[in-house]
Trainee: 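A single structure is presented below for examination.
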Amino acid sequence: MKFFIDTANLKEIQEAYDLGVLDGVTTNPSLMAKEGIKGDANVRAHYKSICNIVDNNVSAEVIATDLENIIKEGKELAKIDDKIVVKVPMIKDGVKAIKKFSSEGIRTNCTLVFSAGQAILAAKAGASYVSPFIGRLDDISQDGLELIAQIRQIYDNYGFDTEILSASVRHTMHLIQCAEIGSDVVTCPLNVITSLLNHPLTDSGLAKFLADHKKVNG
Ligand code: E4P
């Protein structure tokens, strides 16, 4: 399973990359705004800085919502670096744009997916990734993980190539259950990735090993 970090913060991306387990980055307009990145030139420069840190798979989201401008903006984003994946919302013109990008070899991430039907459309259009938002479904008392399992089953039934990118992952249990279900990718904040390190028996076990070693070696 691939690990993507869900942030536009360069320091956090670097920290996750340095851990040696990072496969990509997802951003969205809210995450870019959180970093105070504004204006086309600054946005592009920021995406380039992210691409300079990681090896591949940097999702950059279009702001346009009509076909002509999604295509125009997506092509400009794709030109920034080969690592860019154009992130397109699950709307009618978004699906048309994904089909067009896919026919031209431009990788896409279909975002804001909340149902199996939307995931089928994304796959039929040729999206490289589909992003179902687990946490936001949980927030409205729908089971986000059940949706991941449903999409896994459907994609396997028909051999769709689209990778399931579980998004809006809020904690380690989300991540682990995504792995059990067979999600291809999870994207989550840095603290979810680093929390995987934690176990009290690891801490107490290491303390004991070091104390025993010190007793003999001084
Ligand atoms: C995914 O690509 C989105 O950026 C993200 O996972 C949304 O997460 P949130 O619901 O925590 O904002």
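In listed order, ligands and their atoms are each counted from 1. One is the number of the first residue; the rest follow in order along the sequence.
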Trainee: Any heavy atom of Glu61 closer to ligand 1 than 4.0 angstrom?
Mentor: no
Trainee: To the nearest 0.5 Å, what is the distance between CD on Glu61 and OG1 on Thr111?
Mentor: 5.0 Å
Trainee: Test salt bridge (charged side-chain N to carboxylate O under 4.0 Å, His left out) on Lys72 and Glu68; report intermediate values, then the result.
Mentor: CA-CA 6 Å; Lys72 188 166 170 266; Glu68 190 186 331; over 6 Å; no
Trainee: Considering only heavy atoms of Asn28, which atoms of ligand 1 have at least one such atom less than 4.0 Å away?
Mentor: 3 (C), 4 (O)
Trainee: Looking only at protein heavy atoms, which one is nearest to atom 11 (O) of ligand 1, and what is the separation?
Mentor: Arg170 NE, 3.4 Å
Trainee: Salt bridge or not for Lys83 and Asp55, using N-O below 4.0 Å?
Mentor: no
Trainee: Inspect the contact between Lys215 and Asp212 and indicate whether a charged nitrogen and a carboxylate oxygen are less than 4.0 angstrom apart.
Mentor: yes
Trainee: What are the atoms of ligand 1, with element, lying closer than 4.0 Å to any heavy atom of Arg136?
Mentor: 7 (C), 9 (P), 10 (O), 12 (O)
Trainee: List the closest protein heavy-atom neighbour of atom 8 (O) of ligand 1: residue, atom name, distance to the nearest 0.1 Å.
Mentor: Ser168 CA, 3.4 Å
Trainee: Backbone N or O of Ile84 within a donor-acceptor pair of the Asp81 side chain at under 3.5 Å?
Mentor: no
Trainee: Using a strict cut-off of 4.0 Å, indicate which atoms of ligand 1 neighbour a heavy atom of Ala167.
Mentor: 1 (C), 6 (O)
Trainee: Just jot down the ligand 1 atoms closer than 4.0 angstrom to any heavy atom of Lys87, in number order.
Mentor: 1 (C), 2 (O), 3 (C), 4 (O)
Trainee: Looking at every heavy atom in both Cys110 and Met90, which two are closest together, and how far apart are they?
Mentor: SG-CE, 3.6 Å
Trainee: Do Thr187 and ligand 1 have an N or O pair less than 3.5 Å apart?
Mentor: no
Trainee: How far is atom 5 (C) of ligand 1 from its nearest protein heavy atom, and which residue and atom name does that atom have?
Mentor: Asp6 OD2, 2.8 Å
Trainee: Test your reading of the model: is there a side-chain donor-acceptor pair from Thr202 to the backbone of Asn198, 3.5 Å cut-off?
Mentor: no
